[in-house]
Amino acid sequence: MSSASRPGSTSTASSTGSRNSRSRNGSGSTTGSAVRGARERARSEITAAIKDEARRQLAAEGAAKLSLRAVARELGMVSSALYRYFPSRDELLTALIVDAYDAVGAAAERALADVDAHAEAQAAGPAGPAARWTAVCVAVRAWAVAHPHEYALIYGSPVPGYAAPAATIAPASRVGLALISIARDAHRGPGVAPPPLSADLRPEADRLTADLAPDLPAGLVVALVAAWSQVFGLISFEVFGQFNRIVEDRETFFSYAVSRLARDAGLVLPGSAHPR
């Protein structure tokens, strides 16, 4: 008797075939996922290697001389292969700029979280605005001193022929938003004492406030922008060598200067002898 004529033989064969099909399909799906995962890891590793080599070129030659062909040559790649990762020099520059802004922004945010956690652990009440401001500024300086070429890329001279796209805006805002959050918390909590606004500055103050922090007093926003720009002026003086043979203990000097800026911005209430 043939297998087709035995009772139950058709359903048994069908069942076996179905199981084999499911087994094959499942194995194929797993294999496909593994291949995709390996390709993604390889692409991520090559992308990281390209950016690392580009950073080395930034340190040696400066951003204006960054060359995709030179990066490819140092990595042992043909130029056409590198273009699959970064189609142009500007796209590679943008990736480096975003990475740098994200790195300094993360340092600022981490410092703010750390000073708050420390105050909570000490059961001394929340950290004061001046202490929080100083912690963020010190963290930004530390990052800049440790990464001078990346700092120069985002806060130094503009790169000729390069126009930063919108993708850089959010990363570039992270440090400023951390400082604004300190002012916002102070305004809602212990209070602020910004300097008075002159009549001729009022229109610009109102515009800045509408753009940056509509919930804060205009005088405070203007003072914050002035203090923020001075913080980066201090850092740039150090990173670019302007303090050479002038300021020796730069860390102490910087902490003093930014604590004064916190007071000038109105984050320290009058009469506070030892602002926290």
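Residue indices begin at 1 and follow the sequence shown.
- Considering only heavy atoms from C-beta on, L153 comes within 4.5 Å of L58 through its side chain.
- Closest approach of T209 and A205 over heavy atoms only: OG1-O, 2.7 Å.
- Looking at R89 and S67, their side chains never come closer than 4.5 Å, going by heavy atoms from C-beta outward.
- Between I235 and F254 there is a side-chain heavy-atom pair separated by less than 4.5 Å.
- Panel note: side chain S236, backbone G233; no donor-acceptor pair is recorded below 3.5 Å.
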**Audit row: R43, T47, side chain to side chain contact (heavy atoms under 4.5 Å, CB included) steps and yes/no** = CA-CA 6 Å; R43 184 174 183 84; T47 299; 4.1 Å; yes
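- L224 and L177 fall into different hydrophobic clusters, where Ile, Leu, Val, Met, Phe, Trp and Tyr residues are linked whenever their side-chain heavy atoms come under 4.5 Å apart, directly or through other members.
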Contacts under 3.5 angstrom, residues 92-99 side chains, donor-acceptor by atom type, not counting sequence neighbours:
| residue | atom | partner | partner atom | Å |
| --- | --- | --- | --- | --- |
| T94 | OG1 | D90 | O | 2.9 |
| T94 | OG1 | Y162 | OH | 2.6 |
| D99 | OD2 | K51 | NZ | 2.8 |
| D99 | OD2 | R55 | NH2 | 2.9 |

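- There is a path of hydrophobic side-chain contacts, each under 4.5 Å, that joins V138 to V247.
- A pairwise comparison of heavy atoms in P126 and A119 identifies C-CB, 4.2 Å as the closest pair.
- At a threshold of 4.5 Å between non-hydrogen side-chain atoms, the residues V136 and R132 do not count as touching.
- Cluster annotation: L201 is connected to L220 through the hydrophobic network of ILVMFWY side chains, with a link wherever side-chain heavy atoms come within less than 4.5 Å.
- W228 is connected to L261 through a chain of hydrophobic side-chain contacts under 4.5 Å among Ile, Leu, Val, Met, Phe, Trp and Tyr, so both are in one cluster.
- For R207, the side chain to side chain donor-acceptor pair (under 3.5 Å) partners are E204, D211, not counting sequence neighbours.
- Shortest non-hydrogen contact noted between V192 and A183 is CG1-O, 4.3 Å.
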Can you give the donor-acceptor pairs under 3.5 Å from side chains of residues 69-78 to other protein atoms, not counting sequence neighbours?
none

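- A distance of 9.5 Å separates CG in L68 from CD in E91, rounded to the nearest 0.5 Å.
- Taking the side chain as every heavy atom from C-beta outward, V231 and V140 never approach each other to under 4.5 Å.
- Contacts classified as salt bridge (Lys or Arg N to Asp or Glu O under 4.0 Å) and involving residues 152-179 (residues at least two apart or in different chains) are given here: D102-R174, E109-R174.
- Judged by distance alone, with hydrogens and angles left aside, the side-chain atoms of W133 form a donor-acceptor pair with the main-chain N or O of V258 at under 3.5 Å.
- In terms of heavy-atom proximity, A107 sits nearest to A139 at O-CB, 3.7 Å.
- Checked by atom type and distance alone, the side chain of S181 pairs as donor or acceptor with a backbone atom of A178 at under 3.5 Å.
- In terms of modelled atom types and a separation under 3.5 Å, the side chain of E120 and the main chain of D116 share no donor-acceptor contact.
- Here the CD-CD1 distance, from E45 to I50, works out to 12.0 Å after rounding to the nearest 0.5 Å.
- Cluster membership check: V239 shares its hydrophobic cluster with I246, using side-chain heavy-atom separations under 4.5 Å among Ile, Leu, Val, Met, Phe, Trp and Tyr.
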**Message:** For R202 and D206: C-alpha separation, side-chain torsions, deciding distance, then whether salt bridge (charged side-chain N to carboxylate O under 4.0 Å, His left out) applies.
**Reply:** CA-CA 6 Å; R202 171 61 68 175; D206 290 341; 3.3 Å; yes
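- Minimum interatomic distance between A223 and A265 (heavy atoms only, all atoms of both residues): CB-O, 3.5 Å.
- Checking side-chain atoms of H147 against main-chain N and O of W143 turns up a donor-acceptor pair under 3.5 Å.
- Residues Q57 and K65 form no side-chain contact, since every pair of their non-hydrogen atoms from C-beta on lies 4.5 Å or further apart.
- Under the salt bridge (Lys or Arg N to Asp or Glu O under 4.0 Å) criterion, no residue pair touches residues 247-257, with sequence neighbours excluded.
- More than 12 heavy atoms of other residues, nucleotides or ligands lie within 6.0 Å of OH in Y83, so this atom counts as buried by the packing criterion.
- A donor-acceptor contact shorter than 3.5 Å links the side chain of T134 to the backbone of A130.
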**Request:** Check the pair L234, F243 against side chain to side chain contact (heavy atoms under 4.5 Å, CB included), reporting the backbone distance first and the verdict last.
**Result:** CA-CA 9 Å; L234 287 163; F243 280 153; 4.2 Å; yes
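- Within the 4.5 Å cutoff, no side-chain heavy atoms of L82 are placed close to those of E53.
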**Request:** In sequence, state the C-alpha distance, the side-chain angles, and the governing distance for R188 and D215, and then conclude on salt bridge (charged side-chain N to carboxylate O under 4.0 Å, His left out).
**Result:** CA-CA 10 Å; R188 293 171 178 172; D215 58 322; 3.7 Å; yes
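- Atom CG of residue D185 and atom CD1 of residue I182 lie 8.0 Å apart, to the nearest 0.5 angstrom.
- Every ring pair (Phe, Tyr, Trp, His ring centres under 6.0 Å) that Y155 has, sequence neighbours left out, goes to Y101, Y151, F232.
- Annotation: the span from D264 atom CG to S259 atom OG amounts to 9.5 Å, rounded to 0.5 Å.
- Considering every non-hydrogen atom in both I180 and A213, the closest pair reads CG2-CB, 4.2 Å.
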